[in-house]
Amino acid sequence: MTPDELERARHRKLAKIAELGFDPWGQRFDDHLPIREVRELPVPEEGQIGTKVRVAGRIVLKRDQGRVVFLQLRDWTGQVQVFIGKKQVGDTGWALAEALDLGDLLGVDGHFGKTKTGELTVFAQSLTFLAKSLLPPPEKWHGLTDVEQRSRQRYVDLFSNPESLQTFLGRSRVVAAMRRVLADRGFVEVETPTMQAIAGGAAARPFITHHNTLDIDLYLRIAPELYLKRLLVGGMERVFELGRVYRNEGLSRKHNPEFTMLEAYQAYGDYHSMMDLTEALIVGSIEAIDGRFHRPWGESTVDFTPPWPRKSYADLLQEVAGVDIHDDAAIRERAKAAGLDPTRKDHDVVVSELFEEVVEDSLTGPIFVIDYPASICPLTKRKAGDPSVAERFELFVRGMELANAYTELNDPVLQDNLFHKQLAGQKADESMAKVDDDFVRALKHAMPPAGGLGVGIDRLCMLLLDRPNIRDVVLFPLLRPE
RNA sequence: GCCCUCCUAGCUCAAUUGGCAGAGCAGCUGACUCUUAAUCAGCGGGUUGUAGGUUCGAGUCCUACGGGGGGCACCA
């Protein structure tokens with residue numbers, strides 16, 4: 001049967017449903033019980049009548065059995081069997097039952113109980129038609145498997161693949177948990193510009209857009225960092241923003257051009273405060289999902305039981321790459337051995353490339369890597385007594401960078417210098433050091449010493465929900481238009 | 001941007017060395033008042049991603065294009 005004929009068959013059913021006096025597109029339907037709660041009701045004794053219930057959902061299976069029809073009805077909490085008997089629902093109800101298709105939305109009033117074979121069931125007394133599905137749903141057993149279609153037609157993926165729905169509901173719990181943890185600690189949520197004249201706060205190529213009335217180009221933000229720190233100057237002592245940032249880079253399993261970032265800033269804190277906060281946020285997220293600290297990740301398991309180890313960048317470089325971070329010749333030699341080209345590059349740039357090439361993939365984590373080379377951290381405060389080291393950490397799990405935090409640089413003179421400094425071997429348009437004079441002016445009004453944190457929500461969800469691809473945790477990932 | 005690879009019915013998948021395009025689900029018709037991916041009988045459904053080429057003959061081989069996936073590069 002061609003798609004056209006399949007749709008026509010459903011149009012005929014729609015007409016029949018209308019003829020029976022039902023609205024094929026449904027009406028308000030109050031007080032239905034989530035199916036998960038229905039399934040938890042007491043099952044009546046033999047011969048007893050069960051609790052009266054009202055449910056609503058999508059028909060995902062239909063077993064026609066003469067003068068009885070069994071349905072599986074699914075809502076976003078679960079699935080339950082519905083028993084429709086010709087005698088029990090009357091002529092009109094039965095005529096409706098015969099016109100039902102897989103994918104239709106149906107309301108059922110009936111009694112909860114068990115069939116002879118022990119299946120939890122709603123025994124229908126009356127049916128309410130809620131909406132006609134004009135397109136056939138995917139295969140009832142395999143669901144939708146085509147990766148492209150699952151992303152493009154997420155609506156189909158969600159109703160036909162329960163594990164996909166669970167992933168996105170899990171993501172919502174993670175986000176809600178983070179807001180709760182932050183609110184409990186006195187943070188306030190703010191909204192700062194996503195269209196910015198200077199795309200600062202990170203190193204990435206931005207998207208460009210245009211405002212007609214002002215006739216100026218603007219950038220979609222690559223980070224909210226510099227605006228949130230302005231709020232610290234303004235006296236908002238604990239702020240966070242949970243929102244989308246945009247980076248005009250390639251797509252991969254770990255990269256979508258727009259992704260969700262949490263940034264939080266705490267006046268009078270430092271990067272150690274942020275490590276504590278990071279643990280609290282992720283612990284809160286895990287508790288919101290299922291409370292399991294040993295979490296599956298593909299074939300392996302990640303142990304998120306806190307506290308997580310904290311190791312210095314220099315120590316890890318020594319341990320894994322076998323070189324002293326201060327030994328320039330050894331670093332360059334080791335970089336060459338790793339297939340990198342260290343010529344005409346600043347020492348710290350080579351160190352950074354070597355670290356990424358050799359150390360990062362070995363970090364199974366969770367592990368806080370702390371104390372980064374200062375010159376690659378232009379927004380970070382230097383360690384007291386050692387200006388070559390920046391008070392920064394990154395949280396790694398399974399080779400993925402999940403969080404990045406600093407003791408924030410609040411010295412306006414040093415900040416201004418760093419904005420204008422360009423390290424050899426760093427690309428200009430990709431440097432973090434974009435001059436932002438207003439930001440320097442803000443710092444001149446005194447920003448409190450503070451800790452700041454960024455968390456990649458999508459990647460965190462990948463790890464917590466055991467999904468190997470960022471596309472699996474982004475509802476509508478970027479795809480080439482059809 | 002580069003390399004590899006995939007695209008067959010609405011969905012899930014077959015098709016030997018280049019030799020008649022198939023099955024299950026879904027759909028349609030019929031049987032069945034306790035089924036469990038219900039079952040049973042019957043019927044329909046295809047420009048094999050698109051356009052060319054090689055060949056007596058192409059789902060299969062070649063070229064280009066489109067879309068997807070994996071990897072590289074990019075992402076400090």
Side-chain angles (χ1 to χ4, degrees), chain A residues 1-10 12-13 60-72 79-89 94 97 101-103 113-121 123 133-153 156 160-161 202-206 222 245 247-257 259 339 345-346 348-353 355-356 360 372-373 375-380 390 392 394 401 404 422-423 425-433 456 468-471 477 479-482:
Chain A
M1 223 174 213
T2 65
D4 226 35
E5 288 167 324
L6 289 170
E7 193 169 337
R8 270 203 296 279
R10 283 169 177 258
R12 285 196 296 276
K13 301 269 191 70
V60 294
L61 285 176
K62 185 168 180 249
R63 293 185 285 273
D64 215 317
Q65 178 78 45
R67 285 165 197 89
V68 174
V69 171
F70 292 94
L71 303 179
Q72 284 288 336
Q79 195 171 305
V80 73
Q81 177 167 267
V82 173
F83 177 102
I84 305 173
K86 184 173 183 183
K87 216 157 54 181
Q88 290 84 342
V89 295
W94 184 248
D101 280 317
L102 293 183
K114 254 185 188 174
T115 60
K116 279 180 195 169
T117 50
E119 180 79 19
L120 298 181
T121 300
F123 293 89
S133 167
L134 292 174
L135 294 174
E139 218 259 359
K140 65 184 180 185
W141 187 242
H142 299 92
L144 197 60
T145 61
D146 183 75
V147 176
E148 178 185 1
Q149 282 202 61
R150 291 182 60 182
S151 295
R152 276 194 203 282
Q153 302 185 34
V156 177
S160 61
N161 297 355
R205 277 147 61 199
I222 58 174
V245 297
R247 297 186 182 178
N248 205 341
E249 310 281 359
L251 295 87
S252 84
R253 238 176 49 227
K254 297 189 227 173
H255 299 88
N256 194 58
F259 61 100
K345 283 176 186 167
D346 196 275
D348 283 345
V349 172
V350 179
V351 166
S352 163
E353 287 179 1
F355 189 90
E356 279 165 34
E360 281 189 5
Y372 279 64
S375 55
I376 58 168
C377 308
L379 299 165
T380 311
R392 169 186 185 179
E394 290 193 342
E401 177 196 335
N404 181 16
Q422 184 63 46
L423 289 189
Q426 262 190 336
K427 288 170 196 141
D429 63 332
E430 283 158 22
S431 164
M432 239 167 118
N469 198 309
I470 196 167
R471 238 185 3 237
L479 295 170
R480 216 177 279 275
E482 278 183 278

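Lettering of chains follows the sequences in order, A, B, ..., and the numbering in each one begins at 1. Worth saying up front: this structure is predicted, and the values here are computed from it rather than measured.
Across A:L102, A:V156, A:D146, A:T145, a single residue satisfies side-chain contact (heavy atoms from CB on, under 4.5 Å) together with A:P138, and that is A:V156.
Atom-to-atom, CZ of A:R253 to C1' of B:C72 comes out at 13 Å; the value is rounded to the nearest Å. If you take CG of A:L251 and P of B:A73, they are 16 Å apart, rounded to a whole angstrom. Whole-Å rounding puts the A:R67 CZ to B:C32 C1' distance at 8 Å. Whole-Å rounding puts the A:K114 NZ to B:U35 P distance at 15 Å. Atom C1' of nucleotide B:G69 and atom CD1 of A:I470 are separated by 17 Å, given to the nearest angstrom. Atom CD in A:E5 sits roughly 15 Å away from atom C1' in B:U29 (whole-Å rounding). The CG atom of A:D146 sits 14 Å away from the P atom of B:G10 (whole-angstrom rounding). Protein atom CZ of A:F70 is 13 Å distant from nucleotide atom P of B:A37, rounded to whole Å.
Interface remark: the A:Q65 side chain does not form any donor-acceptor pair with the B:U39 base, using a distance-only criterion of under 3.5 Å. Below the 3.5 angstrom threshold, one finds a donor paired with an acceptor across the side chain of A:R63 and the base of B:U35.
Judged purely by atom type and a 3.5 angstrom limit, A:N161 uses its side chain to pair as donor or acceptor with the backbone of A:L144. Within the 3.5 Å criterion, the main-chain N or O of A:N404 finds no donor-acceptor partner in the side chain of A:R392.
With a 3.5 Å ceiling on both atom-pair distances, the Watson-Crick or G-U wobble partner of B:A23 is B:U12. Shown here, B:C2 forms a base pair with B:G71; the pair counts as Watson-Crick or G-U wobble because both key distances fall under 3.5 Å. The partner of B:A64 is B:U50, judged by Watson-Crick or G-U wobble contacts that both fall below 3.5 Å. Pair check for B:C34 finds none; no Watson-Crick or G-U wobble contact set falls under 3.5 Å. Pair assignment for B:A41: B:U29, on the basis of Watson-Crick or G-U wobble contacts that are both within less than 3.5 Å.
Nucleotides B:C3 and B:A64, compared at atom P, are 10 Å apart to the nearest Å. When the C1' atom is used for both B:A15 and B:A23, the distance is 11 Å, rounded to whole Å. Spacing between B:U16 and B:C40 at atom C1', rounded to whole Å, works out to 34 Å. Nucleotides B:A31 and B:C6 have their P atoms positioned 48 Å apart, rounded to a whole Å. Rounded to whole Å, the separation between the C1' atoms of B:U63 and B:C25 comes to 38 Å. For the C1' atoms, the distance linking B:C13 with B:A37 amounts to 16 Å, nearest Å. B:A76 and B:C2 are spaced 23 Å apart, taking the P atom of each and rounding to whole Å. A gap of 35 Å separates the C1' atoms of B:U33 and B:A9, to the nearest Å.
Here the side chain of A:E139 is nearest to one of B:U35, B:C11, B:G27, namely B:C11. For A:P136, counting side-chain heavy atoms from C-beta on, the closest listed nucleotide (B:G27, B:A26, B:C34) is B:A26. In this structure, the nucleotide among B:U12, B:G68, B:A26 sitting nearest to the side chain of A:T145 is B:U12. With distances taken from any side-chain atom of A:N404 to the nucleotides B:U33, B:A76, B:A38, the minimum falls on B:A76. Each of B:U35, B:G27, B:G70 was ranked by its minimum atom distance to the side chain of A:N469; first place goes to B:G70. In this structure, the nucleotide among B:G71, B:G70, B:A76 sitting nearest to the side chain of A:R471 is B:G70. Here B:G27 is the nucleotide among B:G27, B:A38, B:C25 with the atom lying nearest to any side-chain atom of A:L6. Closest contact between the side chain of A:R480 and the listed nucleotides B:C25, B:C11, B:G68 involves B:G68. Out of B:C32, B:U33, B:G68, the shortest distance to the side chain of A:D64 is found at B:C32. Distance from the side chain of A:R392 is smallest to B:A76 among B:A76, B:G67, B:U35.
At the heavy-atom level, A:R152 lies under 4.0 Å from the strands shown only through sugar-phosphate atoms.
Salt bridge absent: A:E148 and A:R150 never bring a charged side-chain N and a carboxylate O closer than 4.0 Å.
Using bins of under 30°, 30° to 60° and over 60° for the plane-to-plane angle, the ring pair A:F83/A:F70 lands in the perpendicular bin.
More than 12 heavy atoms of other residues, nucleotides or ligands lie within 6.0 Å of NZ in A:K62, so this atom counts as buried by the packing criterion.
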